K.L.:
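Encoded as structure tokens, here's the structure I'll be asking about.
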Number of protein chains: 2
Amino acid sequence: MEKLFIGIDIGGMSAKAGLVTLDGKILSKLTAKTDASMDEAVFLPLIKNLVLDLIKQAGVSLSDIGGIGMGFPGSIDDEAGVIRYCCNLNLRNAPFAVNLKKALGFDGEVKLSNDANIAALAEAKFGAAKGMKDVVLITIGTGIGTGIISGGKMITGNRSAGAEGGHMTIVAGGELCGCGRRGCFESYASTTALLKMAKEAAETNKESMLYNEVKAGTLTGKTFFECLDKGDAIAKEVMERYITYLGEGVVNYANIFYPEAIILGGGVSAQGDKLTVPVQKYLNEHVYGKEYNPPIKVVAATLGNDAGIIGGAALFFD
Amino acid sequence: MEKLFIGIDIGGMSAKAGLVTLDGKILSKLTAKTDASMDEAVFLPLIKNLVLDLIKQAGVSLSDIGGIGMGFPGSIDDEAGVIRYCCNLNLRNAPFAVNLKKALGFDGEVKLSNDANIAALAEAKFGAAKGMKDVVLITIGTGIGTGIISGGKMITGNRSAGAEGGHMTIVAGGELCGCGRRGCFESYASTTALLKMAKEAAETNKESMLYNEVKAGTLTGKTFFECLDKGDAIAKEVMERYITYLGEGVVNYANIFYPEAIILGGGVSAQGDKLTVPVQKYLNEHVYGKEYNPPIKVVAATLGNDAGIIGGAALFFD
């Protein structure tokens, strides 16, 4: 029988597990609820049962599993298999890889990593940048997560504490960020930042479609792009400003890593060309050495919510 | 006989070649003059003769040489051995690795890379970060060069066009940079930027020691730090502002790569603690995840002008 792998994407609301083949196909999926109160005493049996239920549902056994890979929102020591810190869950300095292995009586390996890093790995192996060796994924949502693949490998830094590119300063002394510092990329180019800009512009332009959305309390990334589609001039102005900031961060990543592709992920990446075309234009105009360096593609992520599951499994696909 | 390697550091004024042992010691050195008019027809015989004169001076022969590694200021395709673009020399799209090999009748390999990248390699293998696997070198001079070592390897991006971290925006829309964009790290944290800040502050504070240097036309990185040492209040103010900008760039590198050490190189790195201590303090206070991530050391480069020669040779030391 072909070796199978389990990928588990941990979030503050749910843990999504999937049985994944070596070519990145998900054969079976299962989800469990998580919440912020969960410490390891609760979380460990939850994940143990999620794995056991998943293999039961798929009609396989633990001995068919080549490895279990998990992605967490937070700071993970990949090498040691330790959760140093996890956003939205009560896990601190937990040696979770060895504990899960023991709880399951699993002979194979359990690997942990940051969720943005493994999403980048998944997109580089099976998604938007399939076959590319140098890739940066920028996940745009409430905040900004980044994952870096160089020479086909995740770049995670010492004790895998790096790749926190949402907290790269692009406007020194600028907008306050959730991390407590000022001017982070995240505080200018996250969906949260886009909607803040949109709201501020709408408040002083009450004839705009955008204002109608604000007034009705229905302004979201999706409705913002609807206003843009319908030709709202204020939405267009906001979008131009937003692309400048998103573009600055993209250019920084290009100048530092010079990947083959920069992938835009997260909810707004569903907008496809509407997002990637203006960012591509900004990058082409501003990247360092554009006269003599190879071009860099800007593409939208294609794996969506499955990136975490596939990426977890892909930790074993070297 | 022990295998020896040749490292050559190319600049707009000179080409410095050295005979290097496997443990990073330079046995013999030789320099040739370069200038901006040099195209490949002039540059190739110059470097060929430099190599031949160096081995003659050292009393060895070409067959004793394990490899020749060269660092250039500019955009190099390491894999192909091509100089795409070289600052201050008239070399464009030159397949120099193969041409030098042929001109010398050399059986070994000739490797080319960017000078900041190989300086980082040298400092990680034999210098300020000896034995570390994750290192960022920030070379502060007329501009800012950066070199990135991750897992013991240079990170250079697709066709090695990356690691241009001097052109990372830290103040979107800010000061004009030599590259034509605004707000680059280089335009706030190079020695040029420090001296510009110092000059502006001196002009409005004519009682300062700093103003005496400006008036006498003797303001340099060295005399700036002398004013600081003597307790000049204006120099102190300028230094605090400069550290903020340099610190922002250092924190960005820390958040993205999370290396074990960040090395400050270039002329001002001769100031040692006077530069590294305040940058270390800024980093400790501002790095993301400081509550749970391992510390990052800020150190001054130790190889000085030899970094390019040793780094060139170190391209063969994997």
Side-chain angles (χ1 to χ4, degrees), chain A residues 74-75 77 84-85 92-93 132-135 146 148 150-151 153 155-174 179-185 188 244-245 247-249 251-261 285-289 291-294 296, chain B residues 74-75 77 84-85 92-93 132-135 146 148 150-151 153 155-174 179-185 188 244-245 247-249 251-261 285-289 291-294 296:
Chain A
S75 178
D77 187 330
R84 270 191 297 261
Y85 170 82
R92 299 284 180 285
N93 297 315
M132 296 188 193
K133 298 238 168 269
D134 297 294
V135 174
T146 57
I148 303 151
S150 176
K153 311 248 181 227
I155 298 292
T156 60
N158 182 31
R159 313 305 296 182
S160 35
E164 289 292 354
H167 302 286
M168 163 178 74
T169 302
I170 63 164
V171 185
C179 76
R181 296 184 66 227
R182 287 191 175 275
C184 291
F185 183 34
Y188 284 86
T244 305
Y245 290 122
E248 286 293 312
V251 171
N252 279 1
Y253 272 101
N255 289 349
I256 295 170
F257 289 105
Y258 220 93
E260 294 163 88
E285 285 167 7
H286 291 87
V287 66
Y288 187 78
E291 309 82 21
Y292 43 79
N293 283 335
I296 299 175
Chain B
S75 177
D77 186 330
R84 268 191 297 261
Y85 171 82
R92 298 285 180 286
N93 297 314
M132 295 187 194
K133 297 238 167 267
D134 296 293
V135 174
T146 58
I148 302 152
S150 176
K153 310 249 179 223
I155 298 292
T156 60
N158 182 32
R159 313 307 296 184
S160 33
E164 289 292 354
H167 302 286
M168 164 178 73
T169 302
I170 64 164
V171 185
C179 76
R181 297 184 66 226
R182 287 192 175 275
C184 291
F185 183 35
Y188 284 87
T244 304
Y245 290 122
E248 286 293 312
V251 171
N252 280 0
Y253 272 101
N255 290 349
I256 294 170
F257 290 105
Y258 220 95
E260 294 164 88
E285 285 168 6
H286 290 87
V287 66
Y288 188 79
E291 310 81 20
Y292 42 78
N293 283 334
I296 300 174

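Just so we're on the same page: letters track the sequence lines, and every chain starts at 1. Keep in mind that this is a model prediction, so the values were computed, not measured.
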K.L.:
Measuring from atom NE2 of B:His286 to atom NE2 of A:His167, what distance do you get when rounded to the nearest 0.5 angstrom?
P.N.:
14.0 Å
K.L.:
Side chain, backbone, both or neither: which part of A:Val251 has a heavy atom under 4.5 Å from chain B?
P.N.:
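Contact with chain B: side chain only.
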K.L.:
Kindly write out the residues that satisfy ring-ring contact (aromatic ring centres under 6.0 Å, His included) with A:Tyr258, not counting sequence neighbours, or none if the list is empty.
P.N.:
none
K.L.:
Tell me, side chain or backbone of A:Tyr253 under 4.5 Å from chain B's heavy atoms, or both, or neither?
P.N.:
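For A:Tyr253, the contact with chain B is made by the side chain alone.
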K.L.:
Do B:Ile155 and A:Ile155 make a side-chain contact, defined as non-hydrogen atoms from C-beta onward lying under 4.5 Å apart?
P.N.:
yes
K.L.:
Any side-chain heavy-atom pair from A:Arg181 and B:Glu248 closer than 4.5 angstrom?
P.N.:
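A:Arg181 reaches B:Glu248 side chain to side chain.
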K.L.:
Check each of B:Arg84, B:Arg159, B:Glu164 against A:Asn293 using the side chain to side chain donor-acceptor pair (under 3.5 Å) test, and report the only one that passes.
P.N.:
B:Arg84
K.L.:
What part of A:Pro259 is in contact with chain B, defined as an atom under 4.5 angstrom from a non-hydrogen atom: side chain, backbone, both or neither?
P.N.:
backbone
K.L.:
Is any side-chain heavy atom of A:Phe257 closer than 4.5 Å to a side-chain heavy atom of B:Asn158?
P.N.:
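A side-chain contact is absent here, since even the closest heavy-atom pair is not under 4.5 Å.
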K.L.:
To the nearest 0.5 Å, what is the distance between OH (B:Tyr292) and CZ (A:Arg92)?
P.N.:
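Reported to 0.5 Å precision, the distance equals 8.5 Å.
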K.L.:
Hey, does B:Ile148 have a side-chain heavy atom less than 4.5 Å from the side chain of A:Ile256?
P.N.:
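Result yes, sub-4.5 Å side-chain heavy-atom pair found.
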K.L.:
For A:Asp134, is it the side chain, the backbone, both, or neither that has a heavy atom closer than 4.5 Å to a heavy atom of chain B?
P.N.:
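Contact with chain B is through the side chain of A:Asp134 alone.
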K.L.:
I'd like to know if the side chain of A:Asn252 reaches the main chain of B:Thr169, judged simply by a donor and an acceptor atom lying under 3.5 Å from each other, with no hydrogens or angles considered.
P.N.:
yes
